[in-house]
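Some notes on the structure that comes next.
Read the numbers this way: they start at 1 and go in the same order the structure lists the ligands and their atoms.
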Amino acid sequence: MDFLQGQSTETLLAVAVAVAAVAAGGAFLLLRSMKPKVTKILILSNIFVISLFTLASEVHCCLDPENFRKFKLVEKKQISHNVAKFKFALPTPTSVLGLPIGQHISCRGQDATGEEVLKPYTPTTLDSDLGYFELVIKMYPQGRMSHHFREMKVGDYLSVKGPKGRFKYQVGQVRAFGMLAGGSGITPMFQVARAILENPNDNTKVHLIYANVTYEDILLKEELDNMAKTYPDHFKIYYVLNQPPENWNGGVGFVSKEMIQSHCPAPAEDIQILRCGPPPMNKAMAAHLDELNYTKEMQFQF
Ligand SMILES: *[C@@H]1O[C@H](CO)[C@@H](O)[C@H](O)[C@H]1NC(C)=O
Ligand SMILES: CC(=O)N[C@H]1CO[C@H](CO)[C@@H](O)[C@@H]1O
């Protein structure tokens, strides 16, 4: 799907470029010999072709790295007392957001005092989801952008800029990923894991350790458990809770070196450990990984 979309955009672009080139060439040759009226028509037709060209380049790609674009909220689904899933429409039902795997968007909103806030988010949808994108957002009582999302109503518009991020992914880049996620840091991991698992040509193994304070804090749990059930040979999850409920069979406390050793691929040239969590967690994880002899090349922080 992804591939086809890309192709049709390229085809459209190629046609537009060719037409524009021929028209421009024609205009140049004729300009000197022609009457002013004909020149005018030629210039007008060229402007038309150039507009077509601009349009074609925007048919499938909705994001702009330099300018904020507005997307309409079409559905807001409360998942728990402080988590909601926001669904935003793209310009047409076949539009593609245009976000490379593992990259994020920058969202602009207003805090409780009316001041502008910018915050990065990773959609839980992929470019294979046509016509819309979704954000799963945890709203904190004091969070400035949380305020904006709490106030958003269906029909409102969100300003979005992107893509942003250094993460690059190609099928076959690594044999296996280890993922160390904390809290909302699950979203880029979820996106990368989904892209890998839903691609039948991708055999990469994914080992996720997901840490939170309480059971209720675990974002996307149902989706993650479904992925583990559907792709048991490719996807493993180990949940870690600081305050586990009774009869908890996952990890307890903070993510330890031992947990990484038992649940992530061992250091090797063809593996990578990704991390995304609150800054203190990222720092602790980097120290664990260094001590376990994962080289810098084997580590990536979102
Ligand atoms: C890491 O490498 C050092 C030096 O080669 C070695 O002494 C140590 O045992 C290694 N640690 C682990 C956990 O493999
Ligand atoms: C260990 C860890 O990262 N825990 C996170 C679990 O989720 C809560 C709420 O999202 C975060 O505040 C914690 O940092």
Side-chain angles (χ1 to χ4, degrees), residues 100-104 120 122 165-197 199 201-215 217-221 223-225 227-302:
I101 293 164
Q103 298 207 5
H104 58 268
T122 308
R166 297 167 293 122
F167 189 74
K168 297 244 174 356
Y169 181 68
Q170 272 184 335
V171 176
Q173 184 175 310
V174 294
R175 168 175 50 85
F177 278 119
M179 297 180 168
L180 308 175
S184 307
I186 190 66
T187 53
M189 308 298 188
F190 180 81
Q191 212 208 36
V192 172
R194 241 198 89 182
I196 290 172
L197 299 173
N199 181 352
N201 300 317
D202 195 335
N203 270 317
T204 310
K205 306 274 188 289
V206 179
H207 304 259
L208 167 69
I209 298 182
Y210 184 18
N212 279 283
V213 178
T214 68
Y215 186 85
D217 286 333
I218 304 175
L219 282 184
L220 298 164
K221 182 156 192 308
E223 289 86 343
L224 289 166
D225 290 344
M227 279 155 66
K229 218 190 290 171
T230 313
Y231 308 99
D233 299 332
H234 289 89
F235 186 53
K236 301 255 188 293
I237 318 175
Y238 185 65
Y239 293 106
V240 179
L241 294 177
N242 234 310
Q243 297 165 18
E246 275 179 48
N247 304 319
W248 173 248
N249 57 11
V252 175
F254 291 112
V255 175
S256 65
K257 265 196 300 193
E258 292 68 30
M259 290 177 192
I260 297 176
Q261 271 180 311
S262 6
H263 298 279
C264 284
E269 297 294 324
D270 57 356
I271 67 101
Q272 199 171 36
I273 309 287
L274 313 176
R275 53 175 189 263
C276 187
M281 176 178 171
N282 284 338
K283 209 173 148 206
M285 293 309 110
H288 286 343
L289 293 172
D290 288 344
E291 283 173 39
L292 290 170
N293 292 343
Y294 288 95
T295 63
K296 291 291 167 222
E297 291 72 38
M298 296 173 203
Q299 303 182 33
F300 182 87
Q301 184 170 311
F302 281 104

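Using a 4.0 Å threshold on non-hydrogen atoms, atom 5 (O) of ligand 1 does not count as touching the protein. At least one protein heavy atom sits closer than 4.0 Å to atom 2 (O) of ligand 1. Checking atom 14 (O) of ligand 1 against the protein gives a heavy-atom contact under 4.0 Å.
In this structure, the separation between CE on M227 and CD1 on I196 is 9.0 Å, given to the nearest 0.5 Å.
Here the side chain of Q299 pairs no donor or acceptor atom with the backbone of I273 at under 3.5 angstrom.
Salt-bridge formation is not detected for the pair D233/K205: no Lys NZ or Arg NE/NH1/NH2 atom is positioned less than 4.0 Å from an Asp or Glu carboxylate oxygen.
Note: F302 and F300 have perpendicular aromatic rings, judged against thresholds of 30 and 60 degrees for the angle between ring planes.
Near N293, with a cut-off below 4.0 Å to any heavy atom, the atoms of ligand 1 are 1 (C), 2 (O), 3 (C), 8 (C), 10 (C), 11 (N), 12 (C), 14 (O).
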